[in-house]
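Report on the structure given below.
Chain A is the first sequence line, chain B the second, and so forth, proteins listed ahead of strands; every chain is numbered from 1.
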Number of protein chains: 2
Amino acid sequence: MTVPATGPGSEKYQRILDAAVEVIAENGYFNSPVSAIAARAGVADGTIYLYFKSKDDVLRTAIDTTFDRFHRQVGEQFETLQGPREQLEYIAQVHLESHAVNRSMAILMQTEVRQSAKFIAEFSHHHLVKYISVVREVIRRGQKEGIFRQDVSDGVVAHCMFGAIDELLSSAVFTGRVYDAKATAAQVIDVLLNGIKAGSAKS
Amino acid sequence: MTVPATGPGSEKYQRILDAAVEVIAENGYFNSPVSAIAARAGVADGTIYLYFKSKDDVLRTAIDTTFDRFHRQVGEQFETLQGPREQLEYIAQVHLESHAVNRSMAILMQTEVRQSAKFIAEFSHHHLVKYISVVREVIRRGQKEGIFRQDVSDGVVAHCMFGAIDELLSSAVFTGRVYDAKATAAQVIDVLLNGIKAGSAKS
DNA sequence: TAGGTGAGTGAATCAATATTCATTGTTGGC
DNA sequence: GCCAACAATGAATATTGATTCACTCACCTA
């Protein structure tokens with residue numbers, strides 16, 4: 001047992017994180033007293049402070065973990081994928097799947113990550129930047145290879161793609177609608193690549 | 001003077017609203033004590049309650065007013081515009097212009113509107129639904145007229161458009177980047193209509 | 001089994017802060 | 001000048017809630 005009892009590996013640590021995500025998804029960070037999180041996790045208020053530095057720290061950790069998992073998952077498959085199109089589709093799919101993986105976490109990402117509480121905005125920003133960078137690189141490569149048009153900014157396109165997917169996710173999360181992540185990802189990327197104008201070449 | 005002194009028309013009413021938007025944009029709703037808003041507006045704490053029912057009410061009013069202005073502005077020009085493409089471009093442009101109109105308000109819309117505080121999520125939802133509905137209708141009309149492909153869902157496309165633009169706005173607002181709203185709107189709609197695949201017919 | 005260790009507890013503390021309301025100041029009519 | 005009527009004030013109130021810390025107790029070791 002190299003893991004300290006109160007360390008990140010322990011079962012109680014995870015229980016507290018899960019409870020925090022649930023409670024905050026339901027009520028928002030500022031309407032979630034530590035006592036409510038503790039109750040949900042089945043521990044005493046003070047116990048939270050054995051595992052985390054502060055209430056902030058709990059949320060920060062939850063968000064960091066989720067982003068890291070996302071980047072890791074994308075990173076693993078990424079190189080094996082054929083072309084830019086397949087890579088963009090895969091990113092979109094993983095992004096859209098987050099709903100099914102953990103709905104509470106998806107809600108939390110939609111509601112709290114953009115929230116202006118300084119401490120969140122600042123530390124989560126670099127995760128988003130990383131996402132956008134990956135997409136931009138794929139697009140630039142596609143442009144260099146002549147697969148994509150070169151008269152549109154890779155930055156604008158990357159933000160469009162992120163925004164489009166995130167908005168679909170957001171609306172599904174809040175309305176409770178469900179969808180097939182893979183099919184929806186394919187549809188979004190299809191629109192991004194081919195547009196919606198009638199008569200555009202298919203695929 | 002049919003307007004009551006403490007009514008919506010008065011100068012102090014507007015000063016309080018503006019101050020609230022500024023302070024909340026800087027610190028977030030839950031980190032903005034009423035006293036800070038009052039100080040920024042140059043009034044006493046209690047004065048706010050002569051003009052508004054509660055702290056909630058101030059924010060609600062600010063957001064409502066902004067959405068109403070948006071819908072009105074879009075509504076005015078809308079019928080005079082030629083085709084679906086022009087209409088979509090105009091909506092995108094007005095959306096993107098909100099940054100220049102009032103940066104604090106743009107920040108607030110990005111940070112607080114999605115926030116899970118129940119009272120915000122609930123009342124602002126219908127404004128977004130209205131936005132999406134308008135776009136969906138334009139798209140359906142375009143599909144019926146044979147201008148747009150019929151094999152993609154109008155809902156998905158509408159959310160993609162909203163998300164793409166909102167994300168561009170968001171990223172610009174937070175990084176301080178500036179852009180030409182009209183040109184950017186045209187670029188986004190161009191991608192939406194024609195895609196980014198090389199060789200697609202132009203415009 | 002006595003002693004030690006440290007995880008776990010939850011009541012007490014202490015700082016915020018939304019809202020109220022008794023009081024003050026101002027204005028316009030007489 | 002005097003007097004409503006009413007906007008404005010801001011100190012007082014009452015509540016909430018993050019964090020602390022003195023204490024308990026289960027478990028281990030000698």
ring-ring contact (aromatic ring centres under 6.0 Å, His included) partners for [X], two or more places apart:
{"X": "B/Phe52", "answer": "B/Tyr13"}
{"X": "B/Tyr90", "answer": "none"}
{"X": "B/Phe70", "answer": "B/Tyr131"}

Report the distance from atom [atom1] of [X] to atom [atom2] of [N], rounded to the nearest whole Å.
{"X": "B/Leu50", "N": "C/dT20", "atom1": "CG", "atom2": "C1'", "result": "11 Å"}
{"X": "B/Phe52", "N": "D/dA8", "atom1": "CZ", "atom2": "C1'", "result": "16 Å"}
{"X": "A/Glu11", "N": "C/dA7", "atom1": "CD", "atom2": "P", "result": "16 Å"}
{"X": "A/Tyr51", "N": "C/dT9", "atom1": "OH", "atom2": "C1'", "result": "12 Å"}

> Tell me, which pairs form a salt bridge (Lys or Arg N to Asp or Glu O under 4.0 Å) where one or both residues lie in residues 172-181 of chain B, sequence neighbours left out?
Replying inline: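 Sorted pair list comes back empty.
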> Sequence neighbours excluded, which residues qualify as side-chain hydrogen bond (donor to acceptor under 3.5 Å, both in side chains) partners of A/Arg15?
Replying inline: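 Expected list: A/Glu11.
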> Nucleotide by nucleotide, 5' to 3', does protein get under 4.0 Å of the base (B), only the sugar-phosphate (S), or neither (-) in nucleotides 16-26 of chain D, counting heavy atoms?
Replying inline: --SBB------
> Going by atom types alone, do A/Glu89 and A/Gln93 pair a side-chain donor with an acceptor below 3.5 Å?
Replying inline: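 Per modelled atom types, A/Glu89 and A/Gln93 side chains form no pair under 3.5 Å.
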